[in-house]
Amino acid sequence: MSGAHGVVLFGPPAAGKDTVSAVLNALDDRFAQLVKVKVGSGRTAGYRMATEEELGSLRAAGRILLETERYGNTYAVDRADLDGMRAAGGIPVVHVGSLAHLRSFLDSVGGPWLRVLLWLPREECALRSAGRGDRDTEERLSVWDSTLEDLAATDLDEALFHLLLRTDLRSPEETATIVSEAVAVGAGQPRSGRELIAFLREQASHGH
């Protein structure tokens with residue numbers, strides 16, 4: 001995976017995508033979380049806020065690589081932002097929450113991307129969500145359920161992720177180091193769907 005165009009962090013709410021992204025940047029400032037375009041309400045930090053009209057203009061210009069809707073808001077990846085980061089020597093870190101969006105993003109950008117599944121048990125998701133003051137913890141748990149269903153339905157021969165990591169069993173620093181080293185030295189071939197399903201079953205049997 002040496003020469004990866006970037007890193008995709010996939011996982012349910014509260015799995016640590018923001019935290020791991022921040023630690024990656026602290027380890028190596030070439031890593032930077034891609035700022036998504038956001039249309040809607042709620043948190044503004046970490047997003048480029050836009051109106052529906054502005055998003056429509058980006059669509060018309062063919063600049064939208066990925067567009068998703070969640071929590072009543074619209075999020076989008078602007079090709080110009082991604083290209084600008086890579087042209088400056090950066091390693092973009094992109095967060096994705098569904099397999100359909102992961103596949104769509106990879107089809108749009110092409111090239112090698114390190115794909116990382118960040119996972120945690122449902123109970124830990126609830127604790128983290130409540131601990132950070134989310135007002136919609138139940139909705140986030142529903143997304144956790146949907147994410148598990150999405151992953152469990154993966155074709156056994158489809159190779160989606162290079163790394164399968166439990167973020168409740170290691171520190172953000174340990175997780176980020178594994179990701180950084182995989183980019184530097186190569187992660188090999190992505191894991192098959194069989195390996196992904198085995199990983200999920202093992203987590204379910206071990207619980208916490």
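Below, each value reflects all heavy atoms present in this structure, side chains not excepted, and no hydrogens, waters or symmetry copies. Start at 1 with the first residue, then count along the sequence. These figures come from a predicted structure and were not determined experimentally.
With a 4.5 Å cut-off on side-chain heavy atoms, Pro121 and Gln203 do not count as touching. Counting heavy atoms from C-beta on, the side chains of Leu58 and Glu54 never come closer than 4.5 Å. Asp78 places a side-chain heavy atom less than 4.5 Å from the side chain of Arg48. Phe10 places none of its side-chain heavy atoms less than 4.5 Å from the side chain of Leu160.
Of the possible donor and acceptor atoms, one in the side chain of Ser57 sits under 3.5 Å from a partner among the backbone N and O of Glu53. For Asp150 (side chain) and Leu99 (main-chain N/O), a donor-acceptor pair under 3.5 Å exists by modelled atom type. Not one N or O on the side chain of Thr167 forms a donor-acceptor pair closer than 3.5 Å with the backbone of Leu120. Looking only at distances, no side-chain donor or acceptor of Ser104 sits under 3.5 Å from a matching main-chain atom of Ala100. A side-chain donor-acceptor contact under 3.5 Å links Lys17 to the backbone of Pro12. Under the 3.5 Å distance criterion, the side-chain polar atoms of Arg170 are matched with a main-chain donor or acceptor of Arg166. In this structure a side-chain-to-backbone donor-acceptor pair under 3.5 Å is missing from Asn25 to Ala32.
Ring geometry, Tyr75 versus Tyr47: the interplanar angle falls from 30° to 60°, so the pair is classed tilted.
How far CG of Leu102 is from CZ of Arg115: 6.5 Å, rounded to the nearest 0.5 Å. Once rounded to the nearest 0.5 Å, the distance linking CD1 of Ile64 with CG of Leu55 reads 5.0 Å.
By the 4.0 Å N-to-carboxylate-O rule, Asp134 lies too far from Arg128 to be salt-bridged with it. Between Arg103 and Asp107 there is no salt bridge, since no side-chain N of the basic residue sits under 4.0 Å from a carboxylate O of the acidic one. Salt bridge Asp157/Arg194: present, at least one basic N to carboxylate O contact under 4.0 Å. With respect to the salt-bridge test (charged N to carboxylate O, under 4.0 angstrom), the residues Asp18 and Arg43 qualify.
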- Taking it one step at a time, do Val179 and Val93 satisfy side-chain contact (heavy atoms from CB on, under 4.5 Å)? CA-CA 11 Å; Val179 173; Val93 180; over 6 Å; no

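Contact detail for His5 and Trp113: the closest heavy-atom pair is CB-NE1, 3.4 Å. Across Leu196 and Thr154, no two heavy atoms sit closer than the pair CD2-OG1, 3.6 Å.
Test Leu163, Leu9, Val20 against Thr175 for side-chain contact (heavy atoms from CB on, under 4.5 Å) and you get one pass: Val20.
Counting heavy-atom neighbours within 6.0 Å of Arg135 CZ, excluding the residue itself, gives a total of 12 or less.
Under the side chain to side chain contact (heavy atoms under 4.5 Å, CB included) criterion, Asp83 pairs with Arg79, not counting sequence neighbours.
A ring-centre distance under 6.0 Å is not found for Phe199 and Trp119.
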